Amino acid sequence: MPDLTGRQVPRQTVAVDLTWNDTEDDFRAEARAWLEAHVPTPALPSGDTTDGFARHLEWEHQLHDARWSVVSWPEAFGGRNATLWEWLIFEEEYYRVGAPQRVTQNGIFLLAPTIFEFGTETQQNWYLPRMSAADDLWCQGWSEPNAGSDLAAVRSKATRDDVAGGWVLSGQKTWTTRGAFCTHLFGLFRTDPESERHKGLTYFMVPLDAEGVTVRGFGRLDGDEGFAEVFLDDVFVPDDDGTPATMTRGGILGDVDQGWGVAMATTTSERGLTLRSPGRFQATAARLVELGKEHSNTLTDRTADRLVDAWIDAEAYAMFTLSDVTGIVEGRSPGARSSYNKIFWSELDVRLHEVALEVLGAEAELEGPWVKGYEFALSGPIYAGTNEIQRNIVAERVLGLPRK
Ligand SMILES: Cc1cc2nc3c(=O)[nH]c(=O)nc-3n(C[C@H](O)[C@H](O)[C@H](O)COP(=O)(O)OP(=O)(O)OC[C@H]3O[C@@H](n4cnc5c(N)ncnc54)[C@H](O)[C@@H]3O)c2cc1C
C-alpha cells in the first residue's frame, strides 16, 4: 500500500485501544471535580486586556496552588508527574467546563518544553518553578518589522562584552502577544555578525524590567490590547554562572550561535502538540451542536451538514493527536508533522466559528462570544507561522517536493 510520498509500506492490522484505564479515569474525575468547583463564573474578561489579564493571573495562581497549572511536569517544578495521556484528559476537562484562557501559555507550552530539552539543570530548577507559579510570565520575541515568515532575517543582535562578561542586546521585536503584561521575553538574536540566515543566531531569555528595554503595547483589530513592540537598547545579559544574581538578569538557552535549532523546538511545540490541544476544539464543537439544537427551526440542510462536518473534524483532530502522543511516548518527535497539525487546527477553528455565525444568522451581530471567537480564529492561519509557510514545509520536508 503506498503512503503519502508514494513509498510502499506493508499493510498492517493494528488494534487501536481507545479506552482509558482506571488511573486515567480517576485522574479525569479529580480534575473535573476541582474545575467544576473552582472555574470562575461569570467568565473572566479577556486576558488580553489590562484588567482581564490581572484577573487571569489570580486564576493562574489558584491553578498552581492546587497543582493543576502544569500537570505533566515533575512535582519538583509544581506539576503532578502526569503522563501525556493524562495531560490530554486534563485539557479536555479544562475546555469542557469553559475554564479561562491560559495567559501563561507562551511560557508553559512553548518555552518550557524547550527548557526541558535544552536547559541546564540549573536553568530548569530556576525557571520552571517560577513559570508554573505564574511568577515569571513569558512572551515570545520572534517577529521583527522585517522578519515574520522569514524568521531567519532577524536583525536584532547581541554583541559580546568580554570585559563585563556577557552580551549586549539591541533591536526591535513586534507582534509580541501580551508583551505589555509579561515579565520576560524569549527570542532570537544574531550573535555572529559575519553570519547569515539560520546560522549565528542565539536563543536569549531576557527580563523585561532590564535597563534598556522599552515595551510599547498596542491594540489588535478586535479591540483588545494584546500586542506589544519591544525595543532593546544596549540591554546587558550577563553570562550565567548559576547564581540568582545572574539568573535574574536573563541567559542563553542552548549554545551560542546554535539558536535556530533551539527555536525550531519551540515552534514544534507551538504548531504541534502543546499549544492547541484537541479538547479546545471538541469543546467548541460541543457548544456548536447545542447552538444548532437551539436553532433547529431555522437550520438549513447546508448549515446542518457543515455543522456535522465541523464536529467530525474536531473528533478527527483528537484521533490524530492520540497518534501523535503515541509517537512521542515511543520516542518519535513530531518534527515537520507539526506543520500539517497547525494547518488543520487553525482552519478547523475558523470553520467551527463560521458555522456558528451561519447558525445564528442575523442574530450573530448581537452575539458576543461566537463573534469574538471568530475574530480570533481568523488569526490562527497567521500566528505560529502562516499556513502558506506550513504548506511549504509540508511540501518540502514531508512530501519531498522540489523547492521550485
Ligand atoms: C494573533 C497573533 C499573535 C502573534 N503573536 C506573536 C508573538 O507572540 N510573538 C511573535 O514573535 N510573533 C507573533 N505574531 C506574529 C506572527 O508570527 C507573524 O505575523 C507571522 O509569522 C507572519 O509574519 P508577517 O506578519 O511579517 O507576514 P509576512 O511574513 O510579511 O507575510 C505576508 C504574507 O505573505 C505570505 N508569505 C510570506 N512568505 C511566503 C513564502 N515564502 N511562501 C508563501 N507565502 C509567503 C504569508 O503567508 C502572508 O500571507 C503573532 C501574530 C498574530 C496574528
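Scope of the values below: all heavy atoms of this structure, side chains included, with no hydrogens, waters or symmetry mates. Treat the numbers as computed from the prediction; the structure is a model and nothing was measured.
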Inspect the contact between Arg306 and Glu354 and indicate whether a charged nitrogen and a carboxylate oxygen are less than 4.0 angstrom apart.
yes
Please name all residues satisfying ring-ring contact (aromatic ring centres under 6.0 Å, His included) with Trp175, sequence neighbours left out, ordered by chain then number.
Phe218, Phe227
List the steps and the verdict of side-chain contact (heavy atoms from CB on, under 4.5 Å) for Asn341 and Arg271.
CA-CA 7 Å; Asn341 201 51; Arg271 297 167 188 166; 5.9 Å; no
Do the non-hydrogen side-chain atoms of Val371 and Leu360 ever get within less than 4.5 Å of each other?
no
Tell me if the CZ atom of Arg155 is crowded by more than 12 foreign heavy atoms within 6.0 Å.
no
4.5 Å side-chain heavy-atom contact, Gln101 and Ser46:
yes
So does Ala228 get a backbone contact from the side chain of Thr176, meaning a donor-acceptor N/O pair under 3.5 Å?
yes
Taking every heavy atom of Ala147 against every heavy atom of Val154, the minimum-distance pair comes out as CB-N, 3.8 Å
Does Ile252 offer a backbone N or O that forms a donor-acceptor pair with the side chain of Gln123 under 3.5 Å?
yes
Side-chain donor or acceptor of Lys173 paired with backbone N/O of Gly187 under 3.5 Å
no
If you take all heavy atoms of Leu348 and Asp313, which pair is closest and at what distance?
CD1-CB, 3.6 Å
Could you tell me if the side chain of Leu201 sits less than 4.5 Å from the side chain of Ser195, heavy atoms only?
no
With a 4.0 Å cut-off, would you call Glu347 and Arg391 a salt bridge?
yes
What I'd like to find out is whether the side chain of Ile393 reaches to under 4.5 Å of the side chain of Gln390, using heavy atoms alone.
yes
Report yes if the side chains of His38 and Trp59 come closer than 4.5 Å at any heavy-atom pair, otherwise no.
yes
Just wondering, do Val359 and Leu299 contact through their side chains at under 4.5 Å, heavy atoms?
yes
Do NZ/NE/NH1/NH2 and the carboxylate oxygens of Arg337 and Asp324 come within less than 4.0 Å?
yes
Are Lys293 and Glu290 ion-paired here, with the side-chain N under 4.0 Å from a carboxylate O?
yes
Might you confirm whether atom CG of Asn21 has over 12 heavy atoms from other residues, nucleotides or ligands at distances under 6.0 Å?
yes
Walk me through whether Arg403 and Glu396 qualify under salt bridge (charged side-chain N to carboxylate O under 4.0 Å, His left out).
CA-CA 6 Å; Arg403 279 179 76 88; Glu396 289 163 21; 3.3 Å; yes
Is a salt bridge present between Arg197 and Asp150, judged by a nitrogen-to-oxygen distance below 4.0 Å?
yes
CG-CD1 distance between Asp25 and Ile89, expressed to the nearest 0.5 angstrom
7.0 Å
How long is the gap from CD on Glu388 to CD1 on Ile343, to the nearest 0.5 Å?
9.0 Å
Closest heavy-atom contact between Gln282 and Ala314?
CG-O, 4.0 Å
Decide yes or no on side-chain contact (heavy atoms from CB on, under 4.5 Å) for Phe53 and Leu137, but give the supporting numbers first.
CA-CA 11 Å; Phe53 188 83; Leu137 302 161; 3.9 Å; yes
Contacts table for residues 202-215: side-chain donor-acceptor under 3.5 angstrom, sequence neighbours left out:
residue : atom : partner : partner atom : Å
Thr202  : OG1  : Thr191  : OG1          : 2.5
Thr202  : OG1  : Asp257  : N            : 2.7
Tyr203  : OH   : Thr266  : OG1          : 2.9

Looking at side-chain heavy atoms only, is the closest gap between Ile115 and Phe77 below 4.5 Å?
no
Do Thr243 and Asp241 have a side chain donor and acceptor closer than 3.5 Å?
yes
What do the steps show when you test Phe281 against Phe344 for side-chain contact (heavy atoms from CB on, under 4.5 Å), and what is the final call?
CA-CA 11 Å; Phe281 306 107; Phe344 194 84; over 6 Å; no
Can you tell me how far the CH2 atom of Trp87 sits from the CD atom of Glu92, to the nearest 0.5 Å?
10.5 Å
Side chains of Thr300 and Thr303: donor-acceptor distance under 3.5 Å anywhere?
yes
Do the charged groups of Glu93 and Arg96 touch, with an N to O distance under 4.0 Å?
yes
Nearest non-hydrogen partners of Thr274 and Ser269, listed with the distance
OG1-O, 3.1 Å
From CG (Leu307) to NE2 (His295), nearest 0.5 Å
12.0 Å
Test your reading of the model: is there a side-chain donor-acceptor pair from Ser170 to the backbone of Asp234, 3.5 Å cut-off?
no
Classify the side-chain pair Asn387/Ser346 by whether it contains a donor and acceptor separated by less than 3.5 Å.
yes
Rounded to the nearest 0.5 Å, what's the gap from CZ on Phe90 to CZ on Phe27? Could you check?
7.0 Å
Minimum heavy-atom separation for Ile108 and Pro113, please, with both atom names.
O-CD, 3.7 Å
Value for OG1 (Thr267) from CG (Leu151), rounded to nearest 0.5 Å, stands at 8.5 Å
For residues Val97 and Arg287, report the shortest heavy-atom separation together with the two atoms involved.
C-NH2, 4.5 Å
Other residues, nucleotides, ligands: >12 heavy atoms within 6.0 Å of Trp142 CH2:
yes
Pairing residues for Phe118 by the ring-ring contact (aromatic ring centres under 6.0 Å, His included) criterion, not counting sequence neighbours
none
For the aromatic rings, using the six-membered ring if either is Trp, is the centroid distance between Trp167 and Phe189 under 6.0 Å?
no
Residue list, ring-ring contact (aromatic ring centres under 6.0 Å, His included) with Trp73, at least two apart or on another chain:
Phe116
Parallel, tilted or perpendicular: rings of Trp138 and Tyr127 (30°, 60°)
perpendicular
List the residues meeting ring-ring contact (aromatic ring centres under 6.0 Å, His included) with Trp260, not counting sequence neighbours, and say none if there are none.
His198
Do Tyr95 and Leu35 pass the side-chain contact (heavy atoms from CB on, under 4.5 Å) test, and can you show the C-alpha distance, the side-chain angles, and the key distance before you say yes or no?
CA-CA 10 Å; Tyr95 287 105; Leu35 287 164; over 6 Å; no
Side chain proximity check, Glu117 to Thr114, heavy atoms < 4.5 angstrom
no
With a sphere of 6.0 Å drawn around CG of Leu366, does it hold more than 12 non-hydrogen atoms of other residues, nucleotides or ligands?
yes
Let me know which of Glu60, His64, Arg178 forms a side chain to side chain donor-acceptor pair (under 3.5 Å) with Thr104.
Glu60
Determine all donor-acceptor pairs shorter than 3.5 Å in which one atom belongs to a side chain in residues 78-86; sequence neighbours excluded.
residue : atom : partner : partner atom : Å
Arg80   : NE   : Arg67   : O            : 2.6
Arg80   : NH1  : Glu30   : OE2          : 3.3
Arg80   : NH2  : Ala66   : O            : 2.9
Thr83   : OG1  : Trp85   : N            : 3.4
Thr83   : OG1  : Glu86   : N            : 3.0
Glu86   : OE1  : Thr83   : N            : 2.9

Say whether, by atom type as modelled, one donor and one acceptor occur between the side chain of Ser379 and the main chain of Glu375 under 3.5 angstrom.
no
